[in-house]
Every structure is written in C-alpha cells, then in structure tokens.
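Presented below is the structure to which this report refers.
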Amino acid sequence: MTGGSRDFFITPYCFEAKTYEEFLNRYLEIVPDYSFGLGKKELLPDNDLKRFLGY
C-alpha cells in the first residue's frame, strides 16, 4: 500500500502571531504533532524554519 496525501491549510491567523512560538501554538492547533511526528519540541529550536517564516 502506498502513502496518501494530507493537506492542511495554514490560516492567516497563524501568520498573525507576534512570535515564532505563538505561531507554532496556533499551527499545532491545526496540525497536531502526531500527524507528522513533529511537535513543538522539535520545531521550536529549528532556526531555519523560524527565519523562513520571518521570525
């Protein structure tokens, strides 16, 4: 069996966050950490993602 795809729409509400941590909190409300195995513990220290998102 092959994998399927899942689409998650990251709402503007997420991008209105003032800090990267606040963005992650809002993002993880939409995309639970068990969906991809990446939770706040893994994402918070990711400085490349933080920069990419403009924080």
Side-chain angles (χ1 to χ4, degrees):
M1 179 175 240
T2 61
S5 66
R6 290 182 277 181
D7 294 328
F8 294 96
F9 178 70
I10 302 174
T11 63
Y13 171 72
C14 291
F15 293 103
E16 293 167 356
K18 302 288 187 224
T19 66
Y20 178 56
E21 185 170 8
E22 184 181 1
F23 170 87
L24 289 178
N25 290 336
R26 294 176 181 198
Y27 168 77
L28 290 169
E29 290 174 6
I30 298 166
V31 183
D33 57 359
Y34 60 80
S35 295
F36 298 107
L38 294 171
K40 192 171 179 180
K41 183 177 94 177
E42 293 79 24
L43 295 172
L44 192 58
D46 189 332
N47 288 320
D48 291 334
L49 180 59
K50 182 178 178 178
R51 263 192 309 279
F52 174 77
L53 293 170
Y55 292 99

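In what follows, residues are counted from 1 in the order of the sequence shown. We use all heavy atoms of the structure for the numbers below, so side chains are in, but hydrogens, waters and symmetry mates are not.
Annotation for Glu42 and Gly39: closest pair OE1-N, 2.7 Å, computed over non-hydrogen atoms.
Using a 4.5 Å cut-off on side-chain heavy atoms (C-beta onward), Glu16 and Thr11 make no contact. In this structure the side chain of Phe36 reaches within 4.5 angstrom of the side chain of Phe8, judged on heavy atoms. Counting heavy atoms from C-beta outward, Tyr55 and Leu49 have side chains that stay 4.5 Å or more apart. Residues Lys40 and Asp33 are not in side-chain contact: their nearest non-hydrogen atoms beyond the backbone lie 4.5 Å or more apart.
Between Phe23 atom CZ and Cys14 atom SG the span is 5.5 Å, to the nearest 0.5 Å. Rounded to the nearest 0.5 Å, atoms CD1 (Ile10) and CZ (Phe15) are 5.0 Å apart. Atom-to-atom distance recorded for Leu24:CG and Leu38:CG is 10.5 Å, nearest 0.5 angstrom.
Aromatic pair Phe52/Tyr20: ring centres not closer than 6.0 Å.
Looking only at distances, a side-chain donor or acceptor of Glu22 sits under 3.5 Å from a matching main-chain atom of Lys18. Between the side chain of Arg26 and the backbone N or O of Tyr13, at least one donor-acceptor pair lies under 3.5 Å.
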Inset, instruction - Evaluate the side-chain contact (heavy atoms from CB on, under 4.5 Å) criterion for residues Lys50 and Leu44: first the C-alpha distance (whole Å), next the side-chain angles of each, then the deciding distance (0.1 Å), finally the verdict. - result: CA-CA 8 Å; Lys50 182 178 178 178; Leu44 192 58; over 6 Å; no
